[in-house]
Protein chains: 2
Amino acid sequence: MVAVKRNTWQREAVREALDSRDGFVSAQGLHQGLRDAGSPIGLATVYRALADLATVGEADSLQSPEGESLYRACATTGHHHHLICRSCGLTVEIEATEVEQWAKRTASDHGFTEAQHIVDIFGLCHQCASAKA
Amino acid sequence: MVAVKRNTWQREAVREALDSRDGFVSAQGLHQGLRDAGSPIGLATVYRALADLATVGEADSLQSPEGESLYRACATTGHHHHLICRSCGLTVEIEATEVEQWAKRTASDHGFTEAQHIVDIFGLCHQCASAKA
DNA sequence: GTCGAATTGATAACCGTTATCATTACGAGT
DNA sequence: ACTCGTAATGATAACGGTTATCAATTCGAC
């Protein structure tokens, strides 16, 4: 029998919790939020759900400078990058065909294959920049 | 008395071991290499030395997709990016004016300031790709 | 050479993540 | 609606990388 994806309330809860966030969240942070909201969901399940969402492409993941994996529900289904406010976490999804091609070309120029790239921009969004001034 | 940096053979050993490598190495990998070379240096010390080198700017550090911290003594002192073999660690330093401008433009297009970007490409170098086949 | 303080290193503690495995419950088929 | 096989769950153990601990060491100023 072929593996069938089941719809569990837990999976849905994770998806919704992720959607309700504006920026990137850690698995543990999301779990904590769900527990605080009264859900008895398990930590392992949150990790699994997030991994699944990331695999399917419904969520994007990246690593914080501290080494944690952060997740986010991305509107764009295709491959894209992020522009992240390092102060408030506001995230903008970015299309970068230009960079995509550059990465691929650069890799093959040097004989590299199976190239994947990490491209993210961290900065201060307009609001945070103003608030800071 | 103010804190004084001491010159220990261990610190020097780490610096040299890092210089002798072509690509990024994990702290554990470097430690292993030193032990294999006969040095009785401790793992904790390697971590400390690498952290120091990174702080001073004598070493570049980045995180592998798997979450490990990798270190490298870079030839270029200025801003540059990396093309890294995820199998052997071979690293090519990359100038990417193209991407540099794209990043700056993208950030300002969205009202972001003080933008810094993380741009690295991971792949399999020609040798590792062949060895794998 | 002395001596105080920085450094070392073996190991324990940490932290995030993944694996384990008995239990639960989804949902296709009847 | 009821069964039943199996995927999913969740408490917890295991895991891997990194950091903290702390007694022993050793650098280097005097």
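Any value given below was found using the heavy atoms of this structure, including those in side chains, with hydrogens, waters and symmetry copies removed. A note on names: the letters A, B, ... follow the listed sequences, proteins ahead of strands, and every chain is numbered from 1. The structure presented is a predicted model; accordingly, all values stated were derived computationally and were not measured.
- Going from atom CD of B/E68 over to atom C1' of D/dT19 covers 15 Å, rounded to whole Å.
- Distance, A/L30 CG to C/dG16 P: 15 Å, rounded to whole Å.
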Which atom pairs link the protein and nucleotides 1-5 of chain D when you take only N or O atoms and keep those under 3.5 Å?
{"unit_1": "D/dG5", "atom_1": "N2", "unit_2": "A/R6", "atom_2": "NH2", "d": "2.9"}

Full working for salt bridge (Lys or Arg N to Asp or Glu O under 4.0 Å) between B/R72 and B/D22: CA-CA 8 Å; B/R72 177 166 196 267; B/D22 280 336; over 6 Å; no

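- A donor atom on one side chain and an acceptor atom on the other are found under 3.5 Å apart for A/H117 and A/H79.
- Taking 4.0 angstrom as the limit, A/Y47 places a side-chain polar atom (N or O) nearer than this to OP1 or OP2 of C/dT17.
- Distance CD (B/E66) to C1' (D/dT18): 16 Å, rounded to an integer number of Å.
- Atom CD of A/Q28 and atom C1' of C/dT18 are 12 Å apart (whole Å).
- Residue A/H82 forms a ring pair (Phe, Tyr, Trp, His ring centres under 6.0 Å) with just one option from A/F122, A/Y71, A/F24, and that option is A/F24.
- A distance-only check finds no donor-acceptor pair linking the side chain of A/H81 to the backbone of A/E100 [under 3.5 Å].
- The interatomic distance linking A/Y71 (OH) with C/dG16 (P) rounds to 13 Å, in whole Å.
- Rounding to whole angstrom units, NE2 of residue B/H31 and P of D/dT19 are separated by 15 Å.
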Test salt bridge (Lys or Arg N to Asp or Glu O under 4.0 Å) applied to A/E98 and B/R105, step by step: CA-CA 13 Å; A/E98 193 179 338; B/R105 175 161 36 81; 3.5 Å; yes

Please write out the pairs of protein N or O atoms and N or O atoms of nucleotides 9-12 of chain D separated by less than 3.5 Å, giving the distance to one decimal.
{"unit_1": "D/dT9", "atom_1": "OP1", "unit_2": "A/T8", "atom_2": "OG1", "d": "2.6"}
{"unit_1": "D/dT9", "atom_1": "O3'", "unit_2": "A/Q10", "atom_2": "NE2", "d": "3.0"}
{"unit_1": "D/dG10", "atom_1": "OP1", "unit_2": "A/Q10", "atom_2": "NE2", "d": "3.1"}
{"unit_1": "D/dG10", "atom_1": "OP2", "unit_2": "A/G42", "atom_2": "N", "d": "3.1"}
{"unit_1": "D/dG10", "atom_1": "OP2", "unit_2": "A/T45", "atom_2": "OG1", "d": "2.7"}
{"unit_1": "D/dG10", "atom_1": "N7", "unit_2": "A/R48", "atom_2": "NH2", "d": "2.4"}
{"unit_1": "D/dG10", "atom_1": "O6", "unit_2": "A/R48", "atom_2": "NH1", "d": "3.4"}

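- When rounded to the nearest whole Å, the span between NZ of B/K5 and P of C/dT8 equals 9 Å.
- The closest side-chain heavy-atom distance from B/Y47 to B/Q28 is below 4.5 Å.
- Side-chain N/O atoms of B/S69 include none lying less than 4.0 angstrom from OP1 or OP2 on D/dG17.
- For the residue pair A/T76/A/E93, the side-chain donor-acceptor check at 3.5 Å is satisfied.
- To the nearest angstrom, P of C/dG16 lies 16 Å from CG of A/L62.
- No donor-acceptor distance shorter than 3.5 angstrom exists from the side chain of B/S39 to the backbone of B/R35, with no hydrogens or angles considered.
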CA sep, side-chain torsions, deciding dist, call: B/R86, A/E114, salt bridge (Lys or Arg N to Asp or Glu O under 4.0 Å): CA-CA 10 Å; B/R86 77 171 74 92; A/E114 296 183 33; 3.8 Å; yes

